[in-house]
S.K.: 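For reference, the structure I am asking about is given below.
Side-chain atoms are counted along with the backbone in the values below, which use heavy atoms only and exclude waters and symmetry mates. Values in this document were obtained by computation on a predicted structure and should not be read as measured data. Heads up: numbering here begins at 1 and tracks the sequence.
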Amino acid sequence: MSKRSAIKHQVREGVLDSREFLQDAKVRRLPPRGGWSPLPSNDERDQGYLKTLKPKSDGQAELMAAVDHANLVLALGPAGTGKTYLAVAKAVEALEAGKVGRIVLSRPAVEAGESIGFLPGDMEDKLAPYLRPLYDALSDRLSMKRVKALMAEGLIEIAPIGYMRGRTLNNAFIVVDEAQNCTYVQLKMLLTRLGWHSTMVVTGDPHQSDLLPGVSGLSDIAERLEAVPEIAVVRLAERDIVRHPLVASMIGVL
């Protein structure tokens with residue numbers, strides 16, 4: 001059936017009004033069938049897009065379950081195992097569900113082997129290069145516009161480790177990233193900031209510390225806290241790496 005014949009058939013059946021196709025007609029009604037319509041339909045299709053958070057390994061599944069059931073989680077593992085991404089994604093999930101009132105992100109300002117010198121701007125501007133991995137994970141779950149709006153409202157807070165002493169973080173989801181660059185005293189101070197109705201996830205790789213040998217306190221803290229039943233210590237391995245397969249091969253020999 002040609003297009004003209006189809007239109008004649010629709011006019012004959014009463015679906016289309018031929019007066020809508022006059023030259024002086026300014027607005028034409030969309031046909032109810034034969035294409036997409038902005039009007040609500042009965043098929044109840046979900047037009048929204050939501051990236052589903054699913055574990056890609058047994059270690060990631062263990063980490064996600066630990067975050068759901070424990071208020072303090074230590075995630076230790078090599079690069080590429082998704083420690084930071086899963087922690088930030090769980091924080092966004094908790095904020096969106098109303099389980100917490102804010103997200104607190106903290107990361108030590110330690111350069112990876114080189115000093116970048118003085119950084120201009122306020123506190124957030126100075127910490128921005130160090131917190132870039134956390135921003136990337138946030139923007140992957142939320143739009144950057146939404147991230148900036150939440151930061152302006154105080155629902156996403158950037159908290160330098162040096163300014164955390166004396167605080168009590170209630171009703172918050174705290175993510176401490178790159179904890180292998182924290183000393184034992186710093187980690188002890190950070191862990192005791194946990195308040196009521198809060199969840200804290202500490203991520204790090206004890207084998208990639210940028211501090212002097214023996215200064216990092218992550219391994220010692222994890223060994224001590226494994227004896228506490230209410231605290232989850234999740235150790236990810238090379239099999240949990242979800243980056244390029246060469247990453248797992250390199251970590252195995254380096």
S.K.: Write down the atom of R141, the atom of L53, and the distance for their closest heavy-atom approach.
M.R.: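 Result for this residue pair: NH2-CB, 4.1 Å.
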S.K.: Looking only at the side chains, is there a donor atom on one of D240 and S57 sitting less than 3.5 Å from an acceptor on the other?
M.R.: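 Per modelled atom types, D240 and S57 side chains form a pair under 3.5 Å.
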S.K.: Side chain to side chain contact (heavy atoms under 4.5 Å, CB included) with D58: which residues, sequence neighbours excluded?
M.R.: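 Partners of D58 under the side chain to side chain contact (heavy atoms under 4.5 Å, CB included) test: none.
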S.K.: Answer yes or no: does atom CZ of R165 have more than 12 heavy-atom neighbours from other residues, nucleotides or ligands under 6.0 Å?
M.R.: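 Incorrect, the count does not exceed 12.
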S.K.: Do V201 and V67 have side-chain heavy atoms sitting under 4.5 Å apart?
M.R.: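 Side-chain contact under 4.5 Å: yes.
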S.K.: Which pair of heavy atoms, one from P78 and one from E238, lies closest together, and at what distance?
M.R.: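 Where P78 meets E238 most closely, the heavy atoms are CG-N, 4.3 Å.
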S.K.: With sequence neighbours excluded, give me every side chain to side chain donor-acceptor pair (under 3.5 Å) pair touching residues 86-102.
M.R.: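 Output for this query lists D68-K90, K90-E93, E96-R146, R102-E157.
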S.K.: Below 4.5 Å, heavy atoms only, C-beta onward: do S106 and D177 meet side chain to side chain?
M.R.: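 No, too far: nothing below the 4.5 Å cut-off.
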S.K.: If hydrophobic clusters are built from ILVMFWY residues whose side chains come within less than 4.5 Å, do L138 and L95 share one?
M.R.: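 Hydrophobic grouping puts L138 with L95.
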S.K.: Tell me which pairs pass side chain to side chain donor-acceptor pair (under 3.5 Å) where either residue lies in residues 214-223, with sequence neighbours left out.
M.R.: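 Those involving residues 214-223 are D220-R224.
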S.K.: Is the closest side-chain heavy-atom distance between V234 and L76 below 4.5 Å?
M.R.: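 No; the side chains remain at least 4.5 Å from each other.
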S.K.: Where the side chain of S209 meets the backbone of P206, is there a donor-acceptor pair that is under 3.5 Å apart?
M.R.: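 Flag not set: sc S209 to bb P206 has no pair under 3.5 Å.
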S.K.: Can you check whether E230 reaches L72 side chain to side chain, under 4.5 Å on heavy atoms?
M.R.: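 No, too far: nothing below the 4.5 Å cut-off.
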S.K.: Closest approach of D205 and A79, non-hydrogen atoms and distance?
M.R.: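 Heavy atoms of D205 and A79 come nearest at OD2-N, 4.0 Å.
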S.K.: In this structure, would V175 and L194 fall into the same cluster of hydrophobic residues linked by side-chain contacts under 4.5 Å?
M.R.: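 No, no single cluster joins them.
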S.K.: Do E178 and Q180 pair up side chain to side chain, a donor and an acceptor below 3.5 Å, judged on atom types alone?
M.R.: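 Present: a donor and an acceptor within the cut-off.
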S.K.: Keeping the roles fixed (side chain from N71, backbone from S198), state whether a donor-acceptor pair exists under 3.5 Å.
M.R.: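 Yes.
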S.K.: Measuring only between side-chain heavy atoms, which start at C-beta, is F173 closer than 4.5 Å to V104?
M.R.: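 Heavy-atom side-chain distance check fails, nothing below 4.5 Å.
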S.K.: Would a distance-only check, ignoring hydrogens and angles, find a side-chain to backbone donor-acceptor pair under 3.5 Å from K56 to V242?
M.R.: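 Flag not set: sc K56 to bb V242 has no pair under 3.5 Å.
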S.K.: Given side chains that start at C-beta, do those of L190 and V202 come closer than 4.5 Å, heavy atoms only?
M.R.: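 No; the side chains remain at least 4.5 Å from each other.
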S.K.: Would a single hydrophobic cluster contain both I221 and L211, if residues Ile, Leu, Val, Met, Phe, Trp and Tyr are joined by side-chain heavy-atom contacts under 4.5 Å?
M.R.: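 Shared cluster, no.
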S.K.: A70 and A232: which non-hydrogen atoms are nearest, and at how many Å?
M.R.: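 Of all heavy-atom pairs spanning A70 and A232, the closest is CB-CB, 4.0 Å.
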S.K.: Go through it in stages, so that I can follow the logic: the residues are L225 and L74, the test is side-chain contact (heavy atoms from CB on, under 4.5 Å), and I'd like the CA-CA distance, side-chain angles, deciding distance and then a yes or no.
M.R.: CA-CA 9 Å; L225 293 182; L74 275 72; 4.0 Å; yes
S.K.: Is there a donor-acceptor contact under 3.5 Å from the side chain of Q186 to the main chain of T183?
M.R.: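 It does hold such a pair.
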S.K.: Output the distance between atom CD (Q208) and atom CG (N181), rounded to the nearest 0.5 Å.
M.R.: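 Result: 9.5 Å between the selected atoms.
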S.K.: Is I103 reachable from L191 through a run of hydrophobic residues whose side-chain heavy atoms are each under 4.5 Å from the next?
M.R.: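 The answer is no; the residues belong to distinct hydrophobic clusters.
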S.K.: Tell me the closest heavy-atom pair linking M189 and I161, and the distance in Å.
M.R.: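 Of all heavy-atom pairs spanning M189 and I161, the closest is CE-O, 3.5 Å.
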S.K.: Hey, are R235 and E226 close enough for a salt bridge, meaning a charged N less than 4.0 Å from a carboxylate O?
M.R.: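 Answer for the salt bridge query: yes.
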S.K.: Quick one: closest heavy-atom pair of N170 and G195, and the distance?
M.R.: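 For N170 versus G195, the nearest heavy atoms are OD1-CA, 3.2 Å.
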